[in-house]
Amino acid sequence: VNALDLAHAALEVAGSEADAVVQVERSGLARFARSEVHQPTLIENVVLTLRVVHDERFGAATTNKVDEAGRAELARRARAAAESAPPDEMFPGLAPPAEVPDVEGYDEETAQLSPDDQARLAAAAIDAAADVSAYGLFTSAVTELAVASTTGVSASQRMTDATVLVVAADEERSGYAERTSWRASDLHPAAVAEAAVETAKRTAATTEIEPGEYAAVLEPYAFGELLGSFAHDSFGALGLLEERSYLTGRLGEQIFDERISIADDSLDRRGLPKAFDFEGTPKQRVQLVEEGVARGVVWDRETAVRAGNGARSTGHSPPFDAFTSDPVPYALSVAPGDAGSVAELADLVGDGIYITRLHYLGVVHPREGVITGMTRDGTFRIRGGKIAEPLVNLRFTVSVPQLLRRLYGLTQDVELVSSQEFYGARYPKGVLCPALACGQFTITGLGSRPGI
Amino acid sequence: VYPESFAAGSGFARPCQLRLGRQDIRAESSCERSERISRGRFPRQELESCLGVRDLCAAAVDAATGAGAEYADARVVLKRSQLVATKNGRVERMTDAESEGIGVRVLVGGAWGFAADRRLSAGGARDAALRACTFARAAAGRHSRALAPIEPRVATHRSSFERNPFDIPLADKFDLCLRADEALQAPDVIVRHAMVRAQREHKLLLSSEGTDVEQVLVECGAGIDCAASRDGIFQMRSYPTLEGGSSSQAGWEHVEALGIVGEAPRVVDEATALVRADVCPSTVTTIVLDADQMASQVHESVGHPTELDRVYGTEASYAGTSFLEPDDLGSLRYGSELMNITSDPTTPGGLGSLAFDDEGVAAERTPIVERGVLTGFLSSRETAAQIGSGNGGSMRADGWDRMPLVRMTNLHLEPGEGTLDDLVADVDEGVYMETNRSWSIDDKRLNFQFGTQLAREIKNGKLGRMLRDATYTGITPIFWASLDAVAGREAWCLFGWTNCGKGQPGQSAHVSHGAAPARFRNVQVGVKA
C-alpha cells in the first residue's frame, strides 16, 4: 500500500473539504521471559482516518478496510458525523500546505528485518544474559505516516524503529537495560543484555533505608520516564490553557536550575525523527526550558486558535487514536551536562541513592508536578561518593520542579530512552536525556526486593 | 498498569457513592441475567463485510497445521468503536473507528507464534498462518508448552441490550454531551468535559481442536468531569468514575440510566468546594473508601497479582510480576476474614463478560479470595497446565492484532453488611475518601499509593469538613488484613473501565469491578512530596 496514494484516494470520495491520515505498520516483536520467547507477534495493518468539514462542522471516521468499498463506507460515516456535529466557530479549519523538513529516521536494513532476524536478535540478547534469566523483547518495524488534504497538504514519511529491552533477573536480583534507534544496527542486543546482567549481579542481598529525603542519581531510563510523565501535563499547550501545567503563570520565570535546558526536537537524528504531525503541519524544534527559564510549550492548530494570543502550531497535533487530545511532546531532549560518567554523578551526591529505572508512575498533583512511583531493577545506596549496597525497591513521591532546582549535575552523554509502549498503531517516540544527580528525591515507602 | 497516556494524564476519576447515580448503576448490576449462550447460528448477514469469514479461519488453521503446527487457532475480529466528547461547549473529539482482521496463533514444536493481518482474504489468512509458524520456529525455546485440555465448544453468544447504541443518532450523543457541559458551568470551573462511547465487537474463534465460537459483545458508557481553579489551586471532579466514564456491556439504556446531566450540578458543587477545602493531613488513621476507590484497590492489589502469567514471570519486562507464588494457592492469607473476591465473567453488564474467552474456554465464576485466603488465580490454558489446576478462562486479546493474555474479566469485592453510614459510625477519628484520582503500585503489587478526588474528615462517627489532595499508601497483604468492614449489597456498585494496560505490544482491556465501601484501620494517609 502506498500511504500517500491511499490518503489522496480517500479525499476523492470525501465529497467535501477533508483531510486524510494513513498509518501503515509492519512490525515484529519477539517478547521473551525466562530466556525463552513466549509472545512473538507479527502485525500488518493500515489505518485510514478521514475527517470531513462542512459549514463549520467536522466529522471523522477511521477504518482499516481501505479498498474502494471500504473508503466509500468511510466517507459515508465521516459525512454523517459532520452533519450530526454541532457547528464549531473556533474550528481552525484544515491545515494549509507547507514545506516539511527533510529528516532522517528510515533505515533500509532495519526495514528489511524478517521474523527470522527479529528472533535471532532476541536470541542474541537471551544468550548474552547467560546464567541470569532474560525477560524483555526485541522489536523492529517499518511504519509510514501520510497526510493529505483538500487544502493542499500532501506529506508522507517512512520510518523505522527498533528496540531491545532486557530485564535480567532471578529470584533475588534484577537489572535493566534498553536501547532504541531507527537503525537496528545501533542496538547491540548482547551488550544490552550484558549491561542488564551486570546491574542485576549487584542487586543481591538488599537492605532497607528509612523513608525521607535523599540526594540521588537517576540513570537516563529513570530521568526520561519521570520527565515524560511531567511533560504530559506541563509541556503541552492544552495543559497550559487548562491550568494543569506547572508552567501556568510561570512562562519567562526561572523554574529549574540554570543547567537545565529542555527542548522538543523531532528533527534530531539521534532521536526518532519526524517531519510533520497528524495534520501535516511541519515539526519545529521547540525550546521548552532554556537555562532553567520556562520558555514555552508545544502547540497544535486547535490550541493555537483557542489561545488567541498569536500562538502558532509547532507541529504537535496528536494521533486520532491517542488516549488524549493534548498536543504533547513526543521528542523531549535534555541538554547534557559536564559529568564524564554516572560515577562522577555519584561522587557529586556523596551520600544518597542510585536509581536505574522507575515503575508505574502516577501524577499526584499535575499543577505542582508531583509524581509518585517505584524504583525497579537496580536501586543502590551511594556512600562516600561510590555506588554501594543494593536497596529494596523504593516508593518515591517527588515534585519534579523541586528536583530540577536542586540539581547537582548531568552527564555529557545522552541516551534515547523509548517511551513507546506499542499500544494502538505504532508510532515511535522517545526521550533523549543524560543521567542526572539531584539533591532532593523524596522516598515515601519501601517495596519488594528486586527479582522475579 | 495503565497505558502511559493514562498514567501520565491528569487522572480524573469516578464516584457513585451516596449519590443519585448509585441507584442507576445498581439498576444495571441487578438486571436479570440474560440468556448467555444459544446454540443457533447467527444469520449470515451478521458478517456483512466478509461472508466467508468462518472459511477464512478454517483455512488459516489448516494452513498452520499443514505447515507443521501441532495446535493453531484463528480469530477474526470485527470491531466498531465510537467516541463523542465535548469540552467547554465545543466538540473535543469525535471518532468512529472500524477495524477488522485475522490473528493466527500457533504452537510449533512447543513454541508459540502469532501473526495478524488486516486482510480478510484467502491470502491474508494464509500469510498470517504461515508467518506465525515461521516466527514460532525461529524463536523456539528449550521447553515445550502444554495446554490444559478443554472440550472444544461450538457455540454462539450475543450480549444483551435493549437499545443498540449505534442506532442512537450521533446528533443525540452530541446533544447529551452539550447539555451536560452546560450544566457544568460555574464561576471557578475552567474545564467542562463530557463523553459518550460505544463499542461493538464481533469475533469468531476456530481452533485445530474443533473450537468454533462466535460472539457479539456490545458496550457503551458515558461520563462527565470538570476542573476548578482558584488562587492557584487546581481540583478535578468527575462522574461516574474516571475521565473515561463508566461503561457497561449493555445498550443505550445504560447511558440514560447514568443521568450525566442530572449529576452535573453536584459534580460542580463539589469541585467548587474542593478548591476551598483544606489539604488532607498527614497521619496514620482509619480510612473509609467509597465503592469507586475500592474498585481501584481491588484492580491493582488483587486483580493484577492474581494473574497467573505474572506469577510465573512472563509479564516481568513490562507490567511486572507478583508477590504471590504458585504454592500460595489455598494457603496464603491475603487479608481479613471479611475479604471475599470473585472473578465472574458472567456478571450481567460487566465489561469483561463473555461466554468464552479468546482460547474458547467457557466462562465460569471463580472465587479468588475466600474469607481472606487465596483460593484462585486468573489463568490461561498454558498457565493452568503449569500449576495443575483448572483450564484457564481469562485469556483476552485487544483486537485481532494482539495475542491473548491473562486478563481480568469482572473481578468483584463481595459485599458485607450495613451502609456507608454504619461504616463511618464506628470511627472516632479518620478520613473518608471518594473517587480515585491517581494510582501507582510496584512491580510485585505490594507497595501502592492512591489519591482520591475528594475526602472528608470523620469525627465521632460522622462525616465532617471536606478535604482535598487526599492520598493513602500501604502494602497489599498488610492493608487487606486491616479491613474491618465492608458495606452490604445495597451499597455495592459495578464500574466498567476501558483502560487496563498490559503486554508488549501493549493491550488495553475492558474490565469491570463491583465493590462496596470498606473500612481499613491504621493506614498512612497524606503522603508528602
Side-chain angles (χ1 to χ4, degrees), chain A residues 29-31 33-34 36-45 60-64 77 81 84-86 88 115-116 119 135-137 167 229 232-233 242-244 320 323-325 359-364 366-367 370 372-374 376 393 395 397-399 421-423 442 444-445 447-448 452, chain B residues 1 3-11 90-100 112-118 131 134-135 138-139 141-142 169-171 174 190-191 227 229 234 313-314 316-317 321 323 401 403 438-444 446-447 449 451 473 504-506 508 527 529:
Chain A
L29 189 150
R31 190 182 197 203
R34 283 180 292 170
E36 290 183 283
V37 172
H38 65 308
Q39 287 166 7
T41 298
L42 299 170
I43 298 172
E44 302 257 354
N45 202 6
T62 299
T63 192
N64 72 344
R77 285 192 292 123
S84 306
D88 183 357
D116 284 321
Y135 300 77
L137 60 86
V167 176
S229 190
H232 190 274
D233 285 305
E242 295 180 350
E243 300 185 27
R244 60 189 148 82
F320 289 97
F323 298 111
T324 168
S325 58
H359 178 75
Y360 210 161
L361 304 190
V363 176
V364 181
R367 178 73 170 262
V370 175
T372 189
M374 295 294 301
R376 187 179 164 185
N393 293 327
R395 172 160 298 285
T397 307
V398 299
S399 152
E421 292 172 311
F422 314 106
Y423 288 95
T442 307
T444 54
S448 50
I452 294 302
Chain B
V1 165
E4 167 227 49
S5 314
F6 284 102
S10 36
R90 301 176 56 210
V91 178
E92 182 209 22
R93 299 184 71 187
M94 194 274 122
T95 59
D96 184 354
E98 284 190 339
S99 180
E100 65 176 33
W112 284 117
F114 177 78
D117 199 303
R118 72 179 173 84
R131 278 160 54 80
T134 299
F135 212 9
R142 298 180 307 278
L170 266 173
F174 283 114
I190 55 170
V191 179
S229 179
F234 176 88
T314 54
S317 61
T321 58
F323 68 95
D401 60 351
M403 256 181 121
S438 66
W439 59 89
S440 173
I441 187 163
D442 73 14
D443 58 325
K444 290 187 181 162
L446 275 174
N447 181 310
Q449 180 174 320
T473 186
Q504 287 165 320
S508 203
V527 182

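Chain naming here is simple, since letters A, B, ... match the order of the sequence lines and numbering starts at 1 in each.
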statement: Most heavy-atom pairs under 4.5 Å with chain B, out of A:Ser399, A:Ala61, A:Pro86, A:Ala81, belong to A:Pro86

- prompt: Under a 4.5 Å heavy-atom cutoff, which of A:Gln39, A:Glu242, A:Arg367 has the most pairs with chain B?
  reply: A:Glu242

query: With sequence neighbours excluded, what pairs up with A:Asp116 under the salt bridge (charged side-chain N to carboxylate O under 4.0 Å, His left out) test?
result: none

message: Under a 3.5 Å threshold, yes or no: a donor from one side chain and an acceptor from the other, between B:Asn447 and A:Arg395?
response: yes

message: Between B:Ser229 and A:Arg244, is there a side-chain heavy-atom distance shorter than 4.5 Å?
response: no

task: Could you tell me whether the side chain of B:Ser438 reaches within less than 4.5 Å of the side chain of A:Thr372, counting heavy atoms only?
output: no

- line: Scanning both residues in full, the closest heavy-atom pair of B:Ser99 with A:Asn64 reads CA-OD1, 3.4 Å

query: When heavy-atom pairs shorter than 4.5 Å are enumerated against chain A, which of B:Glu92, B:Arg131, B:Met94 gives the highest number?
result: B:Arg131

- prompt: How many angstroms lie between atom OG1 of A:Thr63 and atom CD of B:Glu100, to the nearest 0.5 angstrom?
  reply: 7.0 Å

Heavy-atom side-chain proximity of A:Arg31 to B:Met403 below 4.5 angstrom: no

statement: Honestly, the part of A:Leu137 sitting under 4.5 Å from a heavy atom of chain B is side chain

- prompt: What part of A:Val398 is in contact with chain B, defined as an atom under 4.5 angstrom from a non-hydrogen atom: side chain, backbone, both or neither?
  reply: backbone

- prompt: Among B:Thr314, B:Val527, B:Leu446, which has the most heavy-atom pairs under 4.5 Å with chain A?
  reply: B:Thr314

field: Non-hydrogen side-chain atoms of A:Asn393 and B:Lys444 separated by less than 4.5 Å
entry: no

task: Grab the two heavy atoms, one from B:Asp96 and one from A:Arg77, that are nearest each other, plus how far apart they are.
output: O-NH1, 2.7 Å

- prompt: Between A:Val37, A:Thr397, A:Leu42, A:Thr62, which has the largest tally of heavy atom pairs under 4.5 Å with chain B?
  reply: A:Leu42

- prompt: By salt bridge (charged side-chain N to carboxylate O under 4.0 Å, His left out), which residues pair with A:Glu36, not counting sequence neighbours?
  reply: none

query: Closest approach of B:Ser440 and A:Gly373, non-hydrogen atoms and distance?
result: OG-CA, 3.5 Å

field: Spacing of CZ belonging to B:Phe135 relative to CG belonging to A:Leu29, to within rounding of 0.5 Å
entry: 7.0 Å

statement: In terms of heavy-atom contacts, A:Pro115 and B:Ala138 come closest through O-CB, 4.3 Å

message: Nearest 0.5 Å, please: how far is OG in B:Ser317 from NE2 in A:His38?
response: 6.5 Å

- request: Would you mind checking which part of B:Thr321 comes under 4.5 Å of any heavy atom in chain A, side chain (CB onward), backbone (N, CA, C, O), both or neither?
  value: side chain

query: A:Thr442 versus chain B, heavy atoms under 4.5 Å apart: side chain, backbone, both or neither?
result: side chain

message: Given heavy-atom pairs under 4.5 angstrom as the criterion, report whether the side chain, backbone, both or neither of A:Arg34 touches chain B.
response: both

field: Heavy-atom pair with the smallest gap, counting every atom of B:Ala316 and A:Ile452
entry: CB-CD1, 3.6 Å

statement: Ranking B:Ala116, B:Ala171, B:Gly313 by heavy-atom pairs under 4.5 Å to chain A gives rank one to B:Ala116

field: Close side-chain approach of B:Asp401 and A:Asn45, heavy atoms under 4.5 Å
entry: yes

field: Worked verdict on A:Tyr360 versus B:Ile441 for side chain to side chain contact (heavy atoms under 4.5 Å, CB included)
entry: CA-CA 6 Å; A:Tyr360 210 161; B:Ile441 187 163; 3.6 Å; yes

- prompt: Within the side chain of A:Arg376, is there an N or O that forms a donor-acceptor pair under 3.5 Å with the backbone of B:Asp443?
  reply: no

message: For B:Thr473, which atoms come within 4.5 Å of any heavy atom of chain A: side chain, backbone, both, or neither?
response: side chain

